[in-house]
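Quick one: the structure is below, questions incoming.
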Amino acid sequence: MQDQTGDFLTSQRTVYIGSPGHISSASNTSGSPEVSAGTDSPRMKPSIAIILCLLVLGVDSQRWLEFIKEAGQGTRDMWRAYSDMREANWIGADKYFHARGNYDAARRGPGGVWAAEVLSDLRENIQSLIGRGHEDSMADQEANRWGRSGKDPNHYRPRGLPDKY
């Protein structure tokens with residue numbers, strides 16, 4: 001095809017094969033890439049897809065950040081109960097401190113519950129490896145579950161334990 005000056009024009013064509021969702025382009029003679037911005041395509045525009053992904057990831061990442069924060073706070077609660085138990089050095093008080101640590105951690109939220117469960121299981125597994133009794137470990141785990149379920153840890157509190165704890 002010629003223009004008004006007599007020069008030949010290079011034309012670009014887009015060939016649709018099958019449904020508009022499957023687009024194939026014929027190559028042009030100039031070698032430059034062809035861009036087609038048809039509105040009949042049922043595909044989502046990449047910019048909209050990226051925005052939707054960022055919104056979903058943003059909400060999800062906020063929840064994950066909150067979970068991690070709760071887990072950290074729950075870990076600190078468990079450590080405080082363990083430290084208090086060591087400081088008190090009170091015979092028969094270990095179940096109380098197990099229940100209290102799990103109770104405090106679980107009040108933080110799902111991350112705190114997770115931290116309490118992981119740390120309680122880890123501690124009991126380590127103690128069973130070093131030869132501590134199975135019955136005592138099961139009693140500790142019962143106190144752990146009691147506290148995590150939101151029940152009052154004072155159920156396990158021994159008489160005479162100072163009010164500081």
Checklist entry - Does a side-chain heavy-atom distance below 4.5 Å link W90 with P162? => result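 Yes - at least one pair of side-chain heavy atoms lies under 4.5 Å apart.
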
Checklist entry - Cut-off 3.5 Å, side chains only: do T75 and W79 have a donor facing an acceptor? => result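 W79 and T75 do not have a side-chain donor-acceptor pair below 3.5 Å.
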
Next on the checklist: Just verifying a value: how many Å separate R157 CZ and D152 CG, rounded to the nearest 0.5 Å?
Outcome noted: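 Going from CZ on R157 over to CG on D152, the span is 10.0 Å.
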
Checklist entry - Would you say M78 and R123 make side-chain contact, with heavy atoms under 4.5 Å? => result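 Side chain of M78 against side chain of R123, heavy atoms only: no contact under 4.5 Å found.
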
Next on the checklist: Count I, L, V, M, F, W, Y as connected when their side-chain heavy atoms are under 4.5 Å apart, and connections chain through other members. Are V118 and W64 then in the same cluster?
Outcome noted: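 Yes, one cluster joins them.
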
Checklist entry - Would you call K69 and E66 a salt bridge, taking side-chain N to carboxylate O under 4.0 Å as the test? => result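 Answer for the salt bridge query: no.
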
Checklist entry - For F67 and W114, what are the C-alpha separation, side-chain angles and deciding distance, and is it a side-chain contact (heavy atoms from CB on, under 4.5 Å)? => result CA-CA 9 Å; F67 182 88; W114 176 82; 3.7 Å; yes

Checklist entry - Looking only at heavy atoms, what is the nearest atom pair of R148 and A116, with distance? => result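 Looking at all heavy atoms of both residues, the shortest contact is NH1-O, 3.8 Å.
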
Item to check | E70 vs R107 side-chain heavy atoms within contact, under 4.5 Å | outcome: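 They are not in side-chain contact.
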
Checklist entry - So which heavy atom on A115 is nearest to which on A71, and how close? => result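 Answer, listing the atom of A115 first, then A71: CB-O, 3.5 Å.
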
Next on the checklist: Working note: Q141 + D121, criterion side-chain hydrogen bond (donor to acceptor under 3.5 Å, both in side chains); need CA distance, chi angles, decisive distance, verdict.
Outcome noted: CA-CA 8 Å; Q141 286 288 42; D121 290 346; 2.9 Å; yes

Item to check | salt bridge (Lys or Arg N to Asp or Glu O under 4.0 Å) contacts in which one or both residues fall within residues 88-98, not counting sequence neighbours | outcome: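 Found D94-R132, K95-D136, K95-D140.
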
Checklist entry - In Å, rounded to the nearest 0.5 Å, how long is the span from OG of S128 to CE of M138? => result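 Between atom OG of S128 and atom CE of M138 there are 8.5 Å.
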
Checklist entry - Closest heavy-atom contact between P153 and Y96? => result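 Taking P153 first and Y96 second, the nearest heavy atoms are O-CD1, 3.3 Å.
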
Next on the checklist: Test of understanding: clusters of I, L, V, M, F, W, Y form through side-chain heavy atoms closer than 4.5 Å, transitively. Do Y82 and W146 belong to the same one?
Outcome noted: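 Yes, Y82 and W146 fall within the same hydrophobic cluster.
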
Checklist entry - With a 4.5 Å heavy-atom cut-off, do I126 and L122 have their side chains touching? => result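 Side chain of I126 against side chain of L122, heavy atoms only: contact under 4.5 Å found.
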
Checklist entry - Considering residues at least two apart in sequence or located in another chain, which fulfil the side-chain contact (heavy atoms from CB on, under 4.5 Å) criterion with F97? => result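 For F97 the side-chain contact (heavy atoms from CB on, under 4.5 Å) partners, ignoring immediate neighbours, are D84, M85, A88, A93, R100, L161, Y165.
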
Checklist entry - Side chains of N144 and E117: do they bring a donor and an acceptor to under 3.5 Å? => result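 On atom types as modelled, these side chains do not qualify, holding no pair under 3.5 Å.
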
Checklist entry - When rounded to the nearest 0.5 angstrom, what distance separates OG in S149 from CG in N102? => result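 S149 OG to N102 CG: 9.5 Å, rounded to 0.5 Å.
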
Item to check | Note, E87 side chain near K164 side chain (heavy atom, < 4.5 Å) | outcome: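 Heavy-atom side-chain distance check passes, below 4.5 Å.
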
